[in-house]
Amino acid sequence: QVNTQLIRSWLEQCESEHGRDCRPSLPLPVEQAREPTFVIDVIQSCLVYTPSQCRYVALSYVWGTVPVYKHLQENTQNLRKTGSLHSLPIPATIRDAIILVHAIGERYLWVDSLCIIQNDLEMLQAEITRMGSIYSKALFTIIAASGDNADSGLPGVRRGSREQVQKALKFTSCELLTVIDVRQTPGGLDDTPWAQRAWT
């Protein structure tokens, strides 16, 4: 299972030792530098307008061929009601990302299918234009590289959802973990469906 304490310690170490070195430094045009319009509040389990100076995690995943529940003009009011995401058919990868973000003590998550109104062409175009900024301004991005669709889930988030054991080497001052088993994915991330996305 995913070690959420370890992830929290990485974040704390990054923020205390790296500071601004981990934040985007290239100046962006004003329109591209804006925050995304919506984020998921993982505590209230609903969509909210992105707060000013929002600290959020992003999810990068593959939609694939399974049905993906989308934010539409028709359901936007419902998606903003506290607890609304509990009862909706959210794909497993998004559901697991919500669980993970909550478990590491963060509050906001950005996911394209829910945080962009998919049938509002003006919003869709504006958010796609600043996709690079959305990902670069995220605290970090969860990459769902092991799945070929949105229902694949994030292995290790739910108990029993990961068969592979992640090897760790512990040293006095750090711990090294295997990220990709090259025996299962010889080309690394390049051999995954995730690497074929339009944006990552």
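If you read the sequence from its start, that first residue is 1, and numbering goes on from there.
At least one side-chain heavy atom of F140 sits less than 4.5 Å from a side-chain heavy atom of L11. Side chains of L59 and T141 form no contact here, defined as non-hydrogen atoms less than 4.5 Å apart. Contact of the V101 side chain with the I142 side chain is registered, since non-hydrogen atoms from C-beta on lie closer than 4.5 Å. At a threshold of 4.5 Å between non-hydrogen side-chain atoms, the residues P91 and Y61 do not count as touching. You'll find the side chain of N75 reaches within 4.5 Å of the side chain of Y69, heavy atoms only. C46 has its side chain out of reach of L79: every pair of non-hydrogen atoms, C-beta onward, lies at least 4.5 Å apart. Looking at heavy atoms from C-beta onward, L114 lies in side-chain contact with I90 at the 4.5 angstrom threshold. Looking only at side-chain heavy atoms (C-beta outward), L100 and I7 come within less than 4.5 Å of each other.
Side-chain contact of R80 with T76: a donor-acceptor pair under 3.5 Å is present, judged by distance alone.
With sequence neighbours excluded, the residues forming a salt bridge (Lys or Arg N to Asp or Glu O under 4.0 Å) with R107 are D41, listed by chain and number. Every residue meeting the ring pair (Phe, Tyr, Trp, His ring centres under 6.0 Å) condition with F38, not counting sequence neighbours, appears here in chain and number order: Y49, H71. Under the salt bridge (Lys or Arg N to Asp or Glu O under 4.0 Å) criterion, R55 pairs with E15, E106, sequence neighbours left out. Shown here are the side-chain contact (heavy atoms from CB on, under 4.5 Å) partners of H86, two or more places apart in sequence or in another chain: S45. Every side-chain contact (heavy atoms from CB on, under 4.5 Å) that N78 has, sequence neighbours left out, goes to K81, L88. Under the side-chain contact (heavy atoms from CB on, under 4.5 Å) criterion, Q73 pairs with I117, N119, D120, sequence neighbours left out. Partners of T50 by side chain to side chain donor-acceptor pair (under 3.5 Å), not counting sequence neighbours: none found. Annotation: side-chain contact (heavy atoms from CB on, under 4.5 Å) contacts of Q118 (sequence neighbours excluded): W63, K70, L72, I116, L124.
Annotation for T93 and S152: closest pair OG1-N, 3.6 Å, computed over non-hydrogen atoms. Looking at every heavy atom in both residues, L154 comes nearest to D96 through N-OD2, 2.8 Å. Of all heavy-atom pairs spanning A103 and T4, the tightest one is CB-CG2, 3.7 Å. The minimum heavy-atom distance between L47 and C115, with the atom names listed, is CD2-SG, 4.2 Å. Here the closest non-hydrogen pair linking C54 and V39 is SG-CG2, 4.4 Å.
Applying the salt bridge (charged side-chain N to carboxylate O under 4.0 Å, His left out) definition to pairs two or more places apart or across chains, none involves residues 56-65.
Atom CD1 of I128 sits about 9.5 Å away from atom CD1 of I134, to the nearest 0.5 Å. The CD atom of Q44 sits 11.0 Å away from atom CG of L85, with the distance rounded to the nearest 0.5 Å. Considering CG of N3 and OG of S9, their distance stands at 7.5 Å, rounded to 0.5 Å. Rounding to the nearest 0.5 Å places CD1 of I98 at 14.0 Å from OH of Y108. The CZ atom of R130 lies 11.0 Å from the CD atom of Q125; values are rounded to the nearest 0.5 Å.
Within a 6.0 Å sphere centred on CD of E74, other residues, nucleotides and ligands contribute more than 12 heavy atoms.
W110 pairs with exactly one of K137, E35, E127 by the side chain to side chain contact (heavy atoms under 4.5 Å, CB included) rule, that one being E127.
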